[in-house]
Amino acid sequence: RLALAMKLNGLVASPAFSSWVEGPDLDIDALLWKDQKPQAAIVYLAHLSEEERQFIVTLILSKVITWMRAQAGTGDLRALVYRDEVFGFVPPTAEPPAKKPILTMLKQARAFGVGMLLSTQNPVDLDYKALSNCGTWFLGRLQTERDVARVVDGLEAASSSSGGSLDRGAIERLLAGLRSRVFLLHNAHDERDVLFHTRWAMSYLRGPLTRKQIKRLSPGADRSASTADREAKPRHRAAAAKKSRPVVAAGIDEAFLSDAPGT
């Protein structure tokens with residue numbers, strides 16, 4: 001007991017731990033609704049270490065499980081939990097802290113109207129029990145035969161659990177012929193699979209945010225300094241920025257707003 005108390009005191013006194021004891025309580029209702037209106041809550045993890053990521057994902061999902069078990073059962077979707085890039089969180093041969101709550105939600109959450117969406121680039125990095133409990137799949141182009149085999153095995157298990165059947169050869173042929181931005185939609189409740197194209201959109205991906213940028217985006221952050229800096233920049237810099245706009249692909253029409261005031 002004394003050794004545990006010393007470790008807890010050292011943890012509480014650590015400057016690195018101070019950020020974990022600040023801020024509002026982790027309330028799932030407050031994350032999902034504000035003023036009786038549904039909202040999206042984004043938890044940003046890129047600035048955390050791997051151990052801290054496991055800790056916060058485990059903590060949030062455990063809170064979600066506790067909250068959902070207090071809800072009445074329903075056949076409608078009440079909330080959706082989305083985890084981007086699940087690599088390392090549900091591995092087939094290890095037991096990280098976040099694995100158990102993720103598997104629990106995949107097996108039980110649908111009864112409470114809570115859905116879970118996982119994304120990964122390599123299906124072999126996912127535990128077989130996670131794959132077999134997924135009812136809806138969005139499959140893009142897979143790089144290796146091993147990934148294709150793993151996906152088809154998971155589809156067969158999911159189809160058999162729902163009382164359906166799967167044409168393994170047809171699925172393998174479809175996956176082998178997928179092009180860029182073309183996906184195969186497999187739903188356990190539909191009779192056949194569907195191919196669809198993603199909508200074309202221009203997106204400027206600049207990479208993860210830094211700690212200073214996260215602070216600027218936080219509610220209540222002091223933006224006066226950054227605003228003053230922008231106003232103090234010479235006009236010729238703004239003109240240079242306009243000239244360096246990205247080149248749009250051929251065949252796409254461009255439209256520009258006037259620089260005149262009030263337009």
Side-chain angles (χ1 to χ4, degrees), residues 11-12 14-91 95-121 125-127 129-130 133-138 201 203 205-223 226:
L11 182 64
V12 173
S14 172
F17 188 74
S18 60
S19 59
W20 295 100
V21 295
E22 299 176 357
D25 294 334
L26 184 57
D27 184 358
I28 302 303
D29 280 317
L31 291 177
L32 296 177
W33 289 278
K34 183 178 182 180
D35 299 330
Q36 298 183 348
K37 294 182 179 180
Q39 64 177 358
I42 302 175
V43 182
Y44 189 75
L45 307 177
H47 61 295
L48 302 178
S49 65
E50 186 60 31
E51 291 183 353
E52 290 173 334
R53 293 181 189 183
Q54 290 283 348
F55 168 72
I56 195 64
V57 170
T58 304
L59 178 63
I60 293 175
L61 293 184
S62 298
K63 290 285 188 178
V64 172
I65 292 173
T66 301
W67 168 83
M68 76 178 190
R69 285 176 173 165
Q71 309 301 314
T74 178
D76 298 327
L77 184 63
R78 177 181 279 127
L80 179 66
V81 179
Y82 169 51
R83 177 69 178 94
D84 186 26
E85 192 47 72
V86 76
F87 169 73
F89 288 83
V90 200
E95 293 291 334
K99 182 176 180 178
K100 185 175 180 180
I102 290 177
L103 290 178
T104 300
M105 291 197 62
L106 289 174
K107 294 179 180 180
Q108 303 177 7
R110 63 174 66 93
F112 300 94
V114 179
M116 182 166 230
L117 178 61
L118 304 177
S119 68
T120 183
Q121 299 181 31
D125 296 327
L126 291 180
D127 189 277
K129 294 186 291 292
N133 278 280
C134 295
T136 304
W137 300 59
F138 298 93
S203 177
L205 302 178
R206 60 170 311 282
L209 300 174
T210 63
R211 288 177 180 268
K212 292 183 179 179
Q213 292 169 337
I214 296 174
K215 186 176 181 180
R216 287 176 56 188
L217 293 173
S218 301
D222 184 9
R223 298 183 177 86
S226 61

Taking only residues at least two apart or on different chains, which pairs with a member in residues 26-41 satisfy side-chain hydrogen bond (donor to acceptor under 3.5 Å, both in side chains)?
D29-W67

What heavy-atom pair brings T74 and G113 nearest, and what distance separates the two atoms?
CG2-CA, 3.7 Å

Rounded to the nearest 0.5 Å, how far does CG of L31 lie from CG of L26?
6.0 Å

Contact between L103 and K100 at the side-chain level, heavy atoms closer than 4.5 Å - yes or no?
no

Mind listing the closest non-hydrogen atom pair of F89 and P91 along with its distance?
C-CD, 3.3 Å

For A79 versus L32, what's the shortest heavy-atom pair and its separation?
CB-CD1, 3.9 Å

Can you name the residues that form a side-chain contact (heavy atoms from CB on, under 4.5 Å) with E85, not counting sequence neighbours?
F87, T120, Q121

Results of side-chain hydrogen bond (donor to acceptor under 3.5 Å, both in side chains) for S49 - residues two or more places apart only
E52

Could you tell me the separation between the NZ atom of K212 and the CZ atom of R216, rounded to the nearest 0.5 Å?
10.5 Å

Where L77 and G115 come nearest, the two heavy atoms and their spacing
CD1-N, 3.5 Å

If you measure from CG on L126 to SG on C134, what distance do you get to the nearest 0.5 Å?
7.5 Å

Are the side chains of I102 and L118 in touch, meaning some heavy atoms are under 4.5 Å apart?
yes

Who pairs with T66 by side-chain contact (heavy atoms from CB on, under 4.5 Å), at least two apart in sequence or on another chain?
none

Results of side-chain hydrogen bond (donor to acceptor under 3.5 Å, both in side chains) for S119 - residues two or more places apart only:
D84

Listed by chain and number, what are the side-chain contact (heavy atoms from CB on, under 4.5 Å) partners of V81, not counting sequence neighbours?
L61, V64, M105, V114, M116

Ignoring hydrogens, what is the shortest heavy-atom contact between T58 and P101? Give both atom names and the distance.
CG2-CG, 4.3 Å

Here the ring-ring contact (aromatic ring centres under 6.0 Å, His included) pairs for residues 35-63, sequence neighbours left out, are W20-F55, Y44-H47

Those residues at least two apart in sequence (or on a different chain) that pass salt bridge (charged side-chain N to carboxylate O under 4.0 Å, His left out) with K129 are D127

Give every residue pair that meets the side-chain hydrogen bond (donor to acceptor under 3.5 Å, both in side chains) criterion with at least one member in residues 103-116, sequence neighbours excluded.
R69-Q108

Taking salt bridge (charged side-chain N to carboxylate O under 4.0 Å, His left out) as the definition, give me every residue that meets it alongside E50, ordered by chain and number, with sequence neighbours left out.
none

Closest contact, heavy atoms only, G88 versus P96
O-CG, 3.7 Å

Contacts of L45 that satisfy side-chain contact (heavy atoms from CB on, under 4.5 Å) - sequence neighbours left out
V43, L48, R53, I56, V57, R83

